[in-house]
Student: 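Got a structure for you, written out below as structure tokens; questions coming shortly.
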Amino acid sequence: MKRFSSPDEALNQVFGYEEFRGFQREVVETVVSGKDALVLMPTGGGKSLCYQIPALLRDGVAIVVSPLIALMQDQVDALEEVGVHAAFLNSSQTVEEGALVRQRLHRGELDLLYVAPERLMTGSMQALLDELTVSLFAIDEAHCVSIWGHDFRPEYGELSILRERFPDVPRIALTATADEKTREEIVGKLLLNPTPFVASFDRPNIFYRIVDKRDVRKQLLEFIRYEHEGDSGIVYCLSRRSTEELAAYLEGFGIRALAYHAGMLPEERARNQAQFLREDGIVMVATIAFGMGIDKPNVRFVAHVDMPKSIEGYFQETGRAGRDGLPADAWMAYGLQDVINQRYFIDSSDADEFHKQLCTQKLDAMLGFAEAPDCRRQRLLAYFGEKSEPCGHCDNCVTPPEMLDVTVAAQKFVSCMYRAQKASGVAFGAKHIIDILSGNMTEKVARFGHDKLSTWAIGTEMSDREWRMVLRQLIARHIVLVDALNHNILQLGPLAGKLFKKEIEVGVRKRVVERRKRNTSSERSAALLANMSLRSQKLFEALRQWRSQTAKDLGKPPYVIFKDTTLLEIANERPATEDELRQISGVGEKKLLNYGDDVLRIVAEEN
Ligand code: ADP
Ligand code: ZN
């Protein structure tokens with residue numbers, strides 16, 4: 001028999017929250033009543049409660065399908081921490097551990113069981129399910145079922161069997177990926193007449209910024225130093241090697257940094273991930289292999305030193321910042337090489353034409369976003385089909401870029417390409433074309449006699465860097481093509497003609513503002529703490545110290561004990577009794593039992 005009679009009771013007593021957020025209540029009610037639900041919510045929106053609360057209300061065990069084996073332990077810990085009985089079955093366990101979980105299942109002790117999809121579909125697991133009462137199936141990261149998506153996993157496709165085998169068990173599919181095609185595929189493969197719940201994908205606390213890439217390591221270092229000293233953050237790189245190099249570079253400047261990529265030994269990867277989750281102030285320098293399901297709430301920034309290949313990827317990765325709702329930064333450095341690299345990945349992949357076209361479309365959207373002079377958030381949301389007004393909280397809103405019309409320069413560039421190729425019978429790369437335009441007498445210019453071209457030295461008014469910005473635009477917009485498989489030589493693209501007929505205008509931003517004026521880490525915490533009296537600040541620090549020690553003793557991440565927002569509220573409210581402490585958001589019955597005395601003692605001591 002279940003312990004709770006209503007969603008509110010479970011929300012208050014177990015999780016210690018006052019109210020449901022957004023449509024959480026509606027989702028819970030749908031699933032409790034036995035119907036399927038599709039939940040699209042951005043990262044940090046509160047998806048977990050949508051299946052965890054029904055799991056506490058319906059008879060039997062809820063099966064949570066998740067690809068995130070490495071995080072199952074933390075998820076189970078966090079649930080046990082609030083008094084929910086949960087376990088997992090996956091390949092990281094010994095036979096004995098697995099047997100123990102099976103026993104608990106048979107005894108009906110578990111509210112939730114986490115399993116990896118490949119494990120769920122095994123014969124023995126299916127046989128086990130037949131012997132149990134299953135309360136619901138929750139399919140987390142459900143976009144993995146989609147071949148359109150960026151995380152396709154074939155095992156997810158087989159989950160469609162669940163629908164036939166357990167027609168009476170409700171299914172809830174959850175994802176933070178919102179595009180229409182993915183959505184259709186999730187419904188088609190996994191659900192039956194589901195009620196869709198689509199949240200706004202806005203993450204208002206994230207400040208979006210894209211800077212022009214020059215010396216990216218130095219730019220990153222400055223960004224971290226000036227704005228995020230001592231903060232937890234994630235830096236995304238394209239290549240495995242660069243994660244290690246960049247982490248070492250940051251370490252050299254006294255920033256605690258770890259690397260993470262798929263080529264590392266599993267133990268080493270797990271160790272770095274655990275350290276990032278458990279300690280604060282670590283910068284994780286990673287490939288995109290890192291991050292799915294990372295629910296560390298106080299990641300203060302996500303930086304991209306290389307451009308992601310799609311807006312979905314960008315949105316998902318940046319979404320790992322600021323899950324706690326406090327201010328966070330999404331920072332990306334972007335340059336000509338990013339465009340060239342990404343086009344190269346598509347051209348050199350052995351995917352079929354159809355797939356390549358799809359990737360090109362996604363890349364074009366990403367490039368459009370990176371080059372855009374207007375509100376970043378508005379563009380992001382529009383990509384996911386959501387209308388919004390300029391946000392006032394992104395680089396372009398705060399400092400609208402001054403645009404320089406470079407259509408004429410663009411024409412010079414393309415014309416120079418054309419003439420050099422016509423004169424010499426071969427095509428050339430960016431550097432050589434810029435040398436001709438700038439009138440740089442290089443050995444190559446001399447060898448080809450390109451100082452005789454009519455475009456020789458007609459572009460001396462622009463710097464090398466400005467020319468590369470122009471070229472970046474031209475490539476982004478298919479006016480110029482890069483032959484990435486052939487020394488990056490440049491070819492005229494399908495739209496070059498339009499440029500000459502002045503049907504296309506090209507603009508670049510005049511000056512890119514790099515640094516935000518507000519928001520150094522100390523300023524930000526100051527702002528956060530500004531509303532608090534000195535007395536409360538002192539208490540907050542004392543509580544944090546206690547949490548950090550307790551977390552260490554228990555070998556758990558600090559936020560599993562209490563989140564920052566909970567400690568802030570305690571510091572402000574100064575609860576003196578158990579009942580007053582119970583009113584604080586994030587304090588449920590089990591936490592009251594485990595930590596209530598400690599917290600009340602600290603509050604009393606700091607009086
Ligand atoms: P998601 O899985 O959608 O990324 P989570 O389920 O991890 O998000 O929730 C994000 C954070 O919000 C968690 O710390 C969670 O405890 C908190 N949260 C979720 N629902 C509520 C609520 N109704 N009231 C207060 N906090 C909530
Ligand atoms: Zn904006």
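Both ligands and their constituent atoms are indexed starting at 1 by order of listing.
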Student: Hey, which atoms in ligand 1 end up nearer than 4.0 Å to a heavy atom of Thr43?
Tutor: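 Result: 4 (O).
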Student: Under 4.0 Å from any heavy atom of Leu49, which atoms of ligand 1 are there?
Tutor: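 Close to Leu49: 19 (C), 20 (N), 21 (C).
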Student: Can an N or O of Gly46 be found at a distance shorter than 3.5 Å from an N or O of ligand 1?
Tutor: yes
Student: Identify the protein heavy atom lying closest to atom 23 (N) of ligand 1, giving its residue, its atom name and the separation to 0.1 Å.
Tutor: Glu19 O, 2.8 Å
Student: Just to confirm my numbers, could you give the angle made at the Zn ion (ligand 2) by SG of Cys375 and SG of Cys391, rounded to 10°?
Tutor: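 Rounded to 10°, it measures 100°.
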Student: Using heavy-atom distances only, which candidate in Phe20, Tyr17, Phe15 approaches atom 27 (C) of ligand 1 most closely?
Tutor: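 Looking at heavy atoms only, Tyr17 sits closest to atom 27 (C) of ligand 1.
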Student: Between Gly44 and ligand 1, does any nitrogen or oxygen pair lie at a separation below 3.5 Å?
Tutor: yes
Student: Using a plain distance cutoff, I'd like to know if Ser48 has any nitrogen or oxygen under 3.5 Å from a nitrogen or oxygen of ligand 1.
Tutor: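 In this structure, Ser48 places an N or O atom under 3.5 Å from an N or O of ligand 1.
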Student: Identify whether the distance between the nearest side-chain nitrogen and carboxylate oxygen of Arg58 and Asp111 falls below 4.0 Å.
Tutor: no
Student: List the closest protein heavy-atom neighbour of atom 14 (O) of ligand 1: residue, atom name, distance to the nearest 0.1 Å.
Tutor: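 Of every protein heavy atom, Lys563 NZ, 2.9 Å lies nearest to atom 14 (O) of ligand 1.
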Student: I need the nearest protein heavy-atom contact for atom 7 (O) of ligand 1: residue, atom name and distance, please.
Tutor: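 In this structure, atom 7 (O) of ligand 1 has Arg323 NH2, 3.3 Å as its nearest protein heavy atom.
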Student: Relative to the heavy atoms of Pro42, which atoms of ligand 1 are at a distance of less than 4.0 Å?
Tutor: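 Within the 4.0 Å cut-off of Pro42, ligand 1 contributes 3 (O).
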Student: Would you call Ala176 a ligand 1 contact, heavy-atom distance under 4.0 Å?
Tutor: no
Student: So, is Gln24 polar-close to ligand 1, with some N/O to N/O distance under 3.5 Å?
Tutor: yes
